[in-house]
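Quick note: numbers below take in every heavy atom, side chains included, and nothing from hydrogens, waters or symmetry partners.
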Amino acid sequence: MQISAAFSTPSTVAPISPPRHALARLMPHPVGCGALPLHDAAASRRLEAAAAALLPTHTLMQRAGLAVARLARAMAPFARRVDIVCGPGNNGGDGFEAALHLLHAGLDVRVAALGDAARLPTDAATSLQRAVQAGVVVKPWRGHLSQGGDAAGPQDLLIDALLGRGLNRPAEGALAQAISAMQGSAAPVLAVDIPSGLPGDHGVVPTGAAVVRARATLALLSLAPGLFTGHGRDAVGELWWDDLGVDLVMQPPAAWLNEDLSSAPLRQHRQHKGSFGDVRVVGGAAQMVGAALLAGRAALHAGAGRVYVHPLDPQAPRLDPLQPDLMFGGAIAPSDWSAQTTVLAGCGGGLAMDEVLENLLEPCPRLVLDADALNALARCAELRRQLRARRARGAATVLTPHPLEARRLLESLGRSGDAVQYDRLGSARRLADAFDCVVVLKGSGTVLAAPDELPWINPTGNAALAVPGSGDVLAGWLAGLWSPWDACSCTALRAARQAVYRHGRLAERLSPDGSPLSASRQAMAID
């Protein structure tokens, strides 16, 4: 996903600046320029109130309206008509404000308003009055957009200023009807702040609920977590952002947007393979040896000095013809690791992981647990106890569950797992706190959490990764990225953040349209 920034100044009623002067690119996010904060609805309201107290009345909405109008002109430079659907809150006020500027730019602006104008918030009511006084024709919503020969076309634009980020339940009645009408329009949609129907805090749309799928979205003031996880990536289209000139540090965020971190340590001429750590992959029970091989290949390409595969299937061949660099071992023993050994357990491990994992949790200094190792944890309270004890003695662990595995782990703790997808941030944090380790909750907008820290949401990746074996590759890549570092230089969270970011970026590079990217190709690719 690309994020761009639209920088605005306080609004006037003067003609809009030409699009080439109105917008500035921010993404791809430059390395080292700082992670972006993500604010949930409550934090966003506090941020807006704090900013409004420092500015003249109505300044934020004027800035927001101008930013929307500028992006609208850049997005559809040849449009002669703009339809705007305005809701009953401040999101609608942003739409009224934008209509004023677009009318002055010479466009045919048609505004449909839902709700009772007498009950609008103060700022939105002021913007409605300003728009009407400037000559904007605002009509009540009649159940549909213009149809037939009077309908907006592909060269025109439709602005969704209906709901904003305060949604906490599926849209109903006229609101749902308006969302469906926008979805059926031939004109591309520009969503204001967030596509209507998309919950800003978690981005998960209930089955059957109405949601706008925008060509582009302009986030205003702060960025919502739901833009990047759940259904958010499918709904927002190209994402733009305008901070409205507000210092976001006035309110702590709910999460951070993951960024590209510096890669593996610079390799020096005098170093050798032993300088970059060992990865030992424990998994690959009968009929699932391929999972362990995928993880091993990924670890090797990610930068590990040596990679050993320890198949749990005694009949498994001791050679990978496609990656003969991999070495093979038998039952893993304490003599197999040092302080710079990273053990990855679980890929294709089956039920055999229950017994094997018990011998790994106590001694391994760095441990990545995936797939069947997570299922073993969910089944056994003693394994969970051993896992919780690791951090206290200086050992580091990363868990990489997909949503179903996360649900099993939560239920093993006596907590409901039904809401994993509806509360991805909270679910990842609960697991990280309960097991005292780093958690990578996979999915669209992978969430990374560590004890006593704000979580991170990853912005890279696409549907190309929705294939069998992608999780094995990610786990192997994580172990391989982690292994060249000493424990003091690279924390488990840092290794996980870098692995998830680069794995997603690989998918975007090799399959930009999201067509399936086989796990074997992922594992052998160099990012």
S.K.: For residues Q177 and W141, is any side-chain donor paired with an opposing acceptor at under 3.5 Å?
M.R.: yes
S.K.: Are any side-chain N or O atoms of R408 and backbone N or O atoms of P403, one a donor and one an acceptor, separated by less than 3.5 Å?
M.R.: no
S.K.: List in chain and number order the residues that pass salt bridge (charged side-chain N to carboxylate O under 4.0 Å, His left out) with D247, two or more places apart in sequence or in another chain; answer none if no residue qualifies.
M.R.: none
S.K.: Say whether, by atom type as modelled, one donor and one acceptor occur between the side chain of T229 and the main chain of G226 under 3.5 angstrom.
M.R.: no
S.K.: Just by distance, do the side chain of S427 and the backbone of D423 share a donor-acceptor pair under 3.5 Å?
M.R.: yes
S.K.: So, the side chain of N258 versus the backbone of R497: is there a donor-acceptor pair under 3.5 Å, distance only?
M.R.: yes
S.K.: For L107, does its backbone N or O pair with a side-chain atom of R80 as donor and acceptor, under 3.5 Å?
M.R.: no
S.K.: So, does R73 use its side chain to make a donor-acceptor pair with the main chain of V68 at under 3.5 Å?
M.R.: no
S.K.: Any side-chain donor paired with an acceptor under 3.5 Å for T446 and H503?
M.R.: no
S.K.: Okay, side chain of Q498, backbone of L261: is any donor-acceptor separation there less than 3.5 Å?
M.R.: yes
S.K.: Between the side chain of D243 and the main-chain N/O of L221, is any donor-acceptor distance below 3.5 Å?
M.R.: no
S.K.: Check whether any side-chain heavy atom of L465 lies under 4.5 Å from a side-chain heavy atom of Q522, and answer yes or no.
M.R.: yes
S.K.: Look only at the side chain of Q183 and the backbone of R213, and say whether a donor-acceptor pair between them is shorter than 3.5 Å.
M.R.: yes
S.K.: So which heavy atom on I179 is nearest to which on A171, and how close?
M.R.: CD1-CB, 3.8 Å
S.K.: Just so I know, are the side chains of T460 and R502 near enough to count as touching, which here means a heavy-atom distance under 4.5 Å?
M.R.: no
